[in-house]
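To start, the structure itself, in structure tokens.
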Amino acid sequence: MAGAARPLATVQSLENDMATDGGAAANSLPHPYVMTAAIRPDLVTNVLDQFSNNSRRRFYAFLKKAGHQTSAESWGTGRAVSRVPSGGQGAFRNTCPGGRKFAPTKIWRRWQRAVNDTEKCHAILSAITASAVPSPVMARGHEIDEVPELPLVVSDTAEGV
């Protein structure tokens, strides 16, 4: 999809209730170069999905000493039993009650994924360009029936309000 359909934006004044005043040449500004990028909804959706995955995951890990903080002791060798106490004593093995976990999670796991910087920049440019075209803005559910044109450029008198 192409970028902004109109190469010029009309400067709106506040005195005439959002109506254009004067000549068209005096009150028109060219669109910035950013508004000429291609609109790529698939790229914007992909980057937003990657960012939402990063904010969804919280890192967690088990204590390094978990399962080893017990008073269980081995009987040693020579009694024809295993050297790790089990059966309710909460020993060190992962099969014993109260023992350590098998392969506990570590804090150095890759919890978040990197987003490609070039892809992120193209998605931002595409989103800015889409904000200047009425059809994608209305597709998002915004009511722009009373807005004269997109992008809406207001004169400097708006700073005094």
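Predicted model, so just to flag it, every value in this text is computed and none were measured.
- To the nearest 0.5 Å, atom CE of residue Met35 and atom CG of residue Leu125 are 10.5 Å apart.
- With hydrogens and angles disregarded, no donor-acceptor distance shorter than 3.5 Å links the side chain of Ser126 to the backbone of His122.
- Glu119 has its side chain within reach of Asn46: a pair of non-hydrogen atoms, C-beta onward, lies under 4.5 Å apart.
- Remark: His142 NE2 to Ser131 OG distance equals 10.0 Å, nearest 0.5 Å.
- Remark: Arg113 CZ to Asp49 CG distance equals 15.0 Å, nearest 0.5 Å.
- Hydrophobic clustering (ILVMFWY, side-chain heavy atoms < 4.5 Å, transitive): Leu150 and Val154 are in one cluster.
- Summarising the geometry, atom NE2 belonging to His31 is positioned 10.5 Å from atom OG1 belonging to Thr36; distances are rounded to the nearest 0.5 Å.
- Heavy atoms only, all atoms of each residue included: Tyr60 and Trp111 are closest at O-CZ2, 3.2 Å.
- Within a 6.0 Å radius of CG in Leu63, other residues, nucleotides and ligands contribute more than 12 heavy atoms.
- Taking both residues in full, the closest heavy atoms of Val137 and Ala130 are given as CG2-O, 3.7 Å, listed atom of the first, atom of the second, then distance.
- Taken from CG in Leu48 to CG in Asn53, the straight-line distance is 11.0 Å, to the nearest 0.5 Å.
- Shortest non-hydrogen contact noted between Ala37 and Thr129 is O-CG2, 3.1 Å.
- At distances below 3.5 Å, not a single donor-acceptor pair connects side-chain atoms of Asn54 with backbone N or O atoms of Ala114.
- Residues Lys120 and Gln50 form no side-chain contact, since every pair of their non-hydrogen atoms from C-beta on lies 4.5 Å or further apart.
- In this structure, Pro134 and Ala132 approach most closely via the heavy-atom pair CD-O, 4.0 Å.
- Two residues are said to be in side-chain contact when any heavy atoms from C-beta on lie closer than 4.5 Å; Thr10 and Val153 fail this criterion.
- In this structure, the separation between CZ on Phe62 and CZ on Arg100 is 12.5 Å, given to the nearest 0.5 Å.
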